[in-house]
Amino acid sequence: MSAAPLPPARSADLHPPKGGRYAPIPLETLREMAGIELFRKLMSGELPGAPIAELMNMWIHEAEPGRIVFAGRPDLQHYNPIGSVHGGYAGTMLDSCMSCAVQSMLPKGMGYTTLEYKVSLVRAISHKTGTVYAEGTVIQVGSRVGTAEGRIVDATGKVLATGTTTCLIFPI
């Protein structure tokens, strides 16, 4: 029996790229790109980031077909009244990484929307947690439906939240 591979080394002190641009991408532009091409252009700064990324203090950290990793920096602005980061922060990061993993497998002219997702919050997240990583991995992508799973970990690899999603795939 072999040991599971160690996760890549990650920093608890990463911050969003400086000087980022945020704006919706026109549908006409999206139609002309395969999903993975979109993520490569977002990461290079050739295309603006999603406005929600600025609000959430998150960015695409890694992208390959079938796997997308967002890094995020939770802060006091993400707190709920009971003194921790709101569960919606984890929900948004998981929805983003899982659905983007599905999108990364789509050819030009195809898009998706999230039909449903489930989130399990495992550990509390605070502004002291540092940078967190939301990794979405495709389970299956067909012509009409895609599924993926995700998890949020801290820099040491401790699991903070997990999730699954089902996405509807359609021409755009």
Under 3.5 Å, is there a donor-acceptor pair between the side chain of [X] and the main chain of [Y]?
{"X": "Tyr89", "Y": "Met56", "answer": "yes"}
{"X": "His78", "Y": "Leu55", "answer": "yes"}
{"X": "Arg144", "Y": "Ile169", "answer": "yes"}
{"X": "Arg31", "Y": "Gly109", "answer": "no"}
{"X": "Thr114", "Y": "Glu116", "answer": "no"}
{"X": "Arg123", "Y": "Ala161", "answer": "no"}
{"X": "Ser104", "Y": "Gly66", "answer": "yes"}

Cluster check [X], [Y]: I/L/V/M/F/W/Y, side chain < 4.5 angstrom:
{"X": "Ile82", "Y": "Val85", "value": "no"}
{"X": "Leu27", "Y": "Leu106", "value": "no"}
{"X": "Tyr22", "Y": "Ile52", "value": "no"}
{"X": "Leu94", "Y": "Met105", "value": "no"}
{"X": "Tyr79", "Y": "Ile152", "value": "yes"}

Exercise for review: Might you work through the side-chain contact (heavy atoms from CB on, under 4.5 Å) test for His86 and Ile125, ending with a clear yes or no?
Suggested key: CA-CA 8 Å; His86 191 282; Ile125 301 173; over 6 Å; no
Less than 4.5 Å apart, any side-chain heavy atom of [X] and any of [Y]?
{"X": "Pro24", "Y": "Pro51", "result": "yes"}
{"X": "Arg151", "Y": "Tyr133", "result": "no"}
{"X": "Cys97", "Y": "Glu135", "result": "no"}
{"X": "Val102", "Y": "Met98", "result": "no"}
{"X": "Cys167", "Y": "Thr147", "result": "no"}

Any side-chain donor-acceptor pair under 3.5 Å between [X] and [Y]?
{"X": "Arg73", "Y": "Thr131", "answer": "yes"}
{"X": "Glu149", "Y": "Thr164", "answer": "no"}
{"X": "Ser99", "Y": "Tyr112", "answer": "yes"}
{"X": "Asp154", "Y": "Thr129", "answer": "no"}

As an exercise, state the distance from [atom1] of [X] to [atom2] of [Y], rounded to the nearest 0.5 Å.
{"X": "Lys41", "Y": "Thr29", "atom1": "NZ", "atom2": "OG1", "answer": "9.0 Å"}
{"X": "Asn57", "Y": "Met93", "atom1": "CG", "atom2": "CE", "answer": "9.5 Å"}
{"X": "Met43", "Y": "Trp59", "atom1": "CE", "atom2": "CH2", "answer": "11.5 Å"}
{"X": "Ser143", "Y": "Met110", "atom1": "OG", "atom2": "CE", "answer": "7.5 Å"}
{"X": "Leu115", "Y": "Leu168", "atom1": "CG", "atom2": "CG", "answer": "5.0 Å"}
{"X": "Glu37", "Y": "Glu46", "atom1": "CD", "atom2": "CD", "answer": "8.5 Å"}

Exercise for review: Carefully, step by step, assess Val153 and Leu160 under the rule side-chain contact (heavy atoms from CB on, under 4.5 Å).
Suggested key: CA-CA 5 Å; Val153 298; Leu160 307 173; 5.7 Å; no
Practice item. Mind running side-chain contact (heavy atoms from CB on, under 4.5 Å) on Ile68 and Thr137 for me, showing each step along the way? Key: CA-CA 7 Å; Ile68 302 290; Thr137 306; over 6 Å; no
Point to revise | Criterion salt bridge (Lys or Arg N to Asp or Glu O under 4.0 Å) on Lys108 and Glu32, from CA distance to verdict | key: CA-CA 6 Å; Lys108 286 182 184 181; Glu32 299 302 316; 5.4 Å; no
Check your understanding: Are the ring centres of Phe70 and His61 closer than 6.0 Å?
Key ->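 For Phe70 and His61, the ring centres are not under 6.0 Å apart.
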Practice item. Just do the side-chain contact (heavy atoms from CB on, under 4.5 Å) check on Leu42 and Ile25 with the steps written out, would you? Key: CA-CA 10 Å; Leu42 287 166; Ile25 299 171; 3.9 Å; yes
